[in-house]
Amino acid sequence: MRSQPALSQTNGPALLLVLALALATSVAADDYGQYGFAVPSAGSASGSMLTAQHEPLNLVLSNRSDHRVLVPAANAGGLYTYLGALGFGAECFGYHLGGDQFADVGDGRGEVVQNSIVRYKYGRDDYLGTCLETLFGGNHIRVWRQANTAAYFLAASEELPGFDGHNIVPGGYDMGRNYIVGNATGQVGYIDHPAAGDTFSGSCSYRGWTYHTLAVFVDGLMPTDRRAWGVSEAITGEGVSDGLVAVLTVTVDED
């Protein structure tokens, strides 16, 4: 079962369009730091845009975002309020079903366990919604914070039901990423086959906060050999992903 994008569409501030043009400009990999994160494995840094379990870190929340959304809090406009606005919440009554993953996001700490995992809330129900995702499958996000930049690296994917081992559905990495971009920017319908440089902007709200998101799809950050990606045999191979990373820059308004 698939999580669905929000159906309201709102344009972000004009400033987001200026940022979109800047981010869409072709630059060398080592220069991405100027946009709010350091690319793992770029230059002298260690790390990888894949987790230790070979899943892609396919979204980045740039540290050019409002400082409030970079705080790992579920109030005051923080990160988990933003993820709530996207339709995600903490695991079912705090019960963690499934294995942890580790990633080296290039901040000198080496491979560390995810900071958190959030699951899609069916019906946007804050209490039982993620329980249904645990049972029936859907979208989920693993979160890592890059300590030297305060950016967040997200591994999103669409997964099968719990009784099928929560394996990733075919095309599930791109699907999970695209649904999140759609929810964040209020797109009507699913974002299908985005291209490098594509930008989307829009807004979503939750618990008294409105988030304006600019999403830019960036190429050239992921390992080029995609045959080694994925933890499920059903999705390994050249078609496992398009290799794009969605870079999110977010501003916050209190309602």
Side-chain angles (χ1 to χ4, degrees), residues 1-5 23-24 26 29 32 35 37 39-42 47-62 83 86 88 98-106 111 114 117-120 133 137-144 146 151-160 164-185 187 189-200 213 215-248:
M1 301 179 68
R2 296 181 178 180
S3 53
Q4 296 298 314
L23 278 167
S26 177
Y32 277 101
Y35 300 116
F37 64 97
V39 180
S41 77
S48 173
M49 289 297 291
L50 298 179
T51 71
Q53 289 73 29
H54 310 296
E55 295 199 322
L57 301 170
N58 50 10
L59 298 108
V60 179
L61 176 60
S62 165
L83 295 177
L86 304 186
F88 293 80
D100 291 328
Q101 291 204 21
F102 296 79
D104 181 350
V105 294
E111 289 184 351
Q114 66 216 14
I117 180 170
V118 294
R119 299 185 181 279
Y120 181 71
E133 195 282 339
N139 207 350
H140 70 305
I141 309 170
R142 298 177 189 269
V143 179
W144 284 265
Q146 190 173 55
Y152 287 90
F153 287 69
L154 312 179
S157 56
E158 191 88 359
E159 63 184 0
L160 292 168
D164 283 328
H166 275 169
N167 287 323
I168 310 302
V169 304
Y173 297 129
D174 295 351
M175 191 182 301
R177 177 201 63 203
N178 295 350
Y179 274 132
I180 290 166
V181 172
N183 287 1
T185 60
Q187 302 303 307
Y190 176 66
I191 297 173
D192 198 14
H193 299 299
D198 282 356
T199 63
F200 298 86
T213 301
V216 182
F217 285 89
V218 179
D219 200 5
L221 304 181
M222 291 288 183
T224 56
D225 184 357
R226 296 170 193 160
R227 291 171 297 178
W229 292 25
V231 295
S232 169
E233 290 184 2
I235 57 164
T236 56
E238 292 294 346
V240 67
S241 171
D242 58 21
L244 299 177
V245 176
V247 179
L248 312 178

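A quick note: this is a predicted structure, and the numbers were derived from the prediction, not measured. Heavy-atom basis, side chains included; hydrogens, waters and symmetry copies ignored.
In terms of heavy atoms, Val181 sits closest to Ala246 at CG2-CB, 3.7 Å. When all heavy atoms are compared, the tightest approach of Thr185 to Ala215 is CG2-CB, 4.5 Å. Nearest heavy-atom pair, Pro40 versus Gly47, reported as atom, atom and distance to 0.1 Å: CB-C, 3.8 Å.
Listed for the His140 side chain is a donor-acceptor partner under 3.5 Å among the backbone atoms of Ser157. Side-chain atoms of Asp198 come within 3.5 Å of backbone N or O of Ala195 as a donor-acceptor pair. Under the 3.5 Å distance criterion, the side-chain polar atoms of Arg177 are matched with a main-chain donor or acceptor of Leu244. A donor-acceptor pair under 3.5 Å is absent between the side-chain atoms of Asn139 and the main chain of Tyr179, judged by distance alone.
Counting heavy atoms from C-beta outward, Phe37 and Val105 have side chains that stay 4.5 Å or more apart. Using a 4.5 Å cut-off on side-chain heavy atoms (C-beta onward), Phe88 and Ile180 make contact. The side-chain heavy atoms of Met222 and Ser241, taken from C-beta on, include no pair separated by under 4.5 Å.
Not counting sequence neighbours, the partners of Asn178 by the side-chain hydrogen bond (donor to acceptor under 3.5 Å, both in side chains) test are Tyr190. With sequence neighbours left out, Asp104 forms a side chain to side chain contact (heavy atoms under 4.5 Å, CB included) with Ser46, Glu111. Scored by the side-chain hydrogen bond (donor to acceptor under 3.5 Å, both in side chains) test, Ser62 finds no partners at all (sequence neighbours excluded).
Between atom CG of residue Leu154 and atom CZ of residue Arg142 there is a gap of 12.5 Å, rounded to the nearest 0.5 Å. A distance of 9.5 Å separates CD1 of Ile117 from CD1 of Ile141, quoted to the nearest 0.5 Å. Rounded to the nearest 0.5 Å, atoms CG (Asp242) and CG (Asn58) are 9.0 Å apart. The line from CG of Leu57 to CH2 of Trp144 is 6.0 Å long, rounded to the nearest 0.5 Å. Note that CG of Leu59 is 7.5 Å distant from CZ of Phe217, once rounded to the nearest 0.5 Å.
When each of Glu55, His54, Gln114 is tested with Gln101 by the rule side chain to side chain donor-acceptor pair (under 3.5 Å), just one qualifies, namely Glu55.
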